[in-house]
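What follows is a set of notes on a single structure, which appears directly below.
All ligand and atom numbering here is 1-based and tracks the order in the structure.
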Amino acid sequence: MSGKDFRSGFVSIVGRPNVGKSTLLNRILNEKVAIVSSKPQTTRNRIVGIKHLKDAQIIFLDTPGIHKPKFAMNKRMVKIAMETLEDGDLILFMVEATSPPGIGDRFILEEMKRAEKPVFLLINKVDLVKKEMILPLIDEYSRLMDFKEIVPVSALKGDNAEHLVETMVKYLPVGESFYPDDMVTDQTLRFMAAEIIREKIFKKTREEIPYSVAVLIEEFLEKNEKGLTRIKAVIIVEKDSQKGIIIGKSGEMLKAIGTEARQDLEDLIESKVFLELWVKVKKDWRQDENILS
Ligand code: GDP
Ligand code: MG
């Protein structure tokens, strides 16, 4: 799957909630996204899908929370969002044909300008408006930023989706594919969830807990029809005394860790989260191959 004309690169997809990002990805990927194991070079970002073409590989990155105003984001979220934009070769900025630019869009526009990457404007849901509505909208957005391409689409109906894919490929660097042909996504969100829980443990317990604590995500059930994501995590420590500290007096500490972690996770995944935390003592877990992997 390579050759001198093969192209391969990363595309970040951004836009306010509900503009149709997931619908477009599903349309482009044409398949249910499967979970496969995480690759080290992707730990910073969440790969939401990989499109394999005869002459190209397009890797789509998600940018959770980027539409939020700065004051509503914590440092980690701002960092992840910015890094995702900077890691991409191309940014797809999706808006709806049904409404004019809003405050949320303006935050994203500022971030995109800072990233200095080529940006496509995707005007989605064109099936819901009259053709005459689209031109003035294009005009309005063009005044906010210099877009490389402006593509009206209907993610739901599929209008223009193929054309969009072909146009994206032109903006990707020439190079070999990054991932095997059968891989469509990775598991980075689990990794990020574990990191957030670890961060809260250190923040809440201060110096009392050494870095020998591990967090295992035992269960990660993506958003169900009620919009709830279920996460079950096990905090592994080496000593009973550490377990006591993390649980705290009548469970207060663990509760506080769980509440803060859940709030961050909800912002990150943009979903309600049910977080279940357990603490286990496992002496010498660092020698345990299973946990390390
Ligand atoms: P996301 O939050 O940006 O990922 O948005 P979703 O992909 O979850 O879509 C939000 C809603 O908009 C869903 O109800 C979709 O069915 C709907 N939607 C997405 N694209 C289109 C489109 O092109 N036309 C219409 N009419 N609805 C769409
Ligand atoms: Mg979505």
*Do Val126 and ligand 1 have an N or O pair less than 3.5 Å apart?*
no

_Close-contact set for ligand 1 against Leu128 heavy atoms, below 4.0 Å_ = 26 (N)

*Any idea which part of Asn124 is under 4.0 Å from ligand 1, heavy-atom wise: side chain, backbone, both or neither?*
side chain

*asked:* Using a 4.0 Å heavy-atom cut-off, which part of Thr23 comes near ligand 1: side chain, backbone, both, or neither?
replied: both

*Taking all heavy atoms of Ser8 and all of Phe178, pick out the closest pair and write down the distance.*
OG-CD1, 3.0 Å

*Purely on distance, is any nitrogen or oxygen of Lys125 under 3.5 Å from one on ligand 1?*
yes

*Give, for atom CG of Asn18 and atom CD of Glu96, the distance between the pair rounded to the nearest 0.5 Å.*
7.0 Å

*Considering only heavy atoms, which of Val14, Asn18, Val153 lies nearest to atom 1 (P) of ligand 1?*
Asn18

*How long is the span from the CG atom in Leu53 to the CD1 atom in Ile58, to the nearest 0.5 Å?*
5.0 Å

_Using a strict threshold of under 4.0 Å (side-chain N to carboxylate O), is an ion pair present between Glu266 and Arg262?_
yes

_Using modelled atom types and a 3.5 Å cut-off, is there a donor and acceptor pairing between side-chain atoms of Gln57 and backbone atoms of Tyr179?_
yes

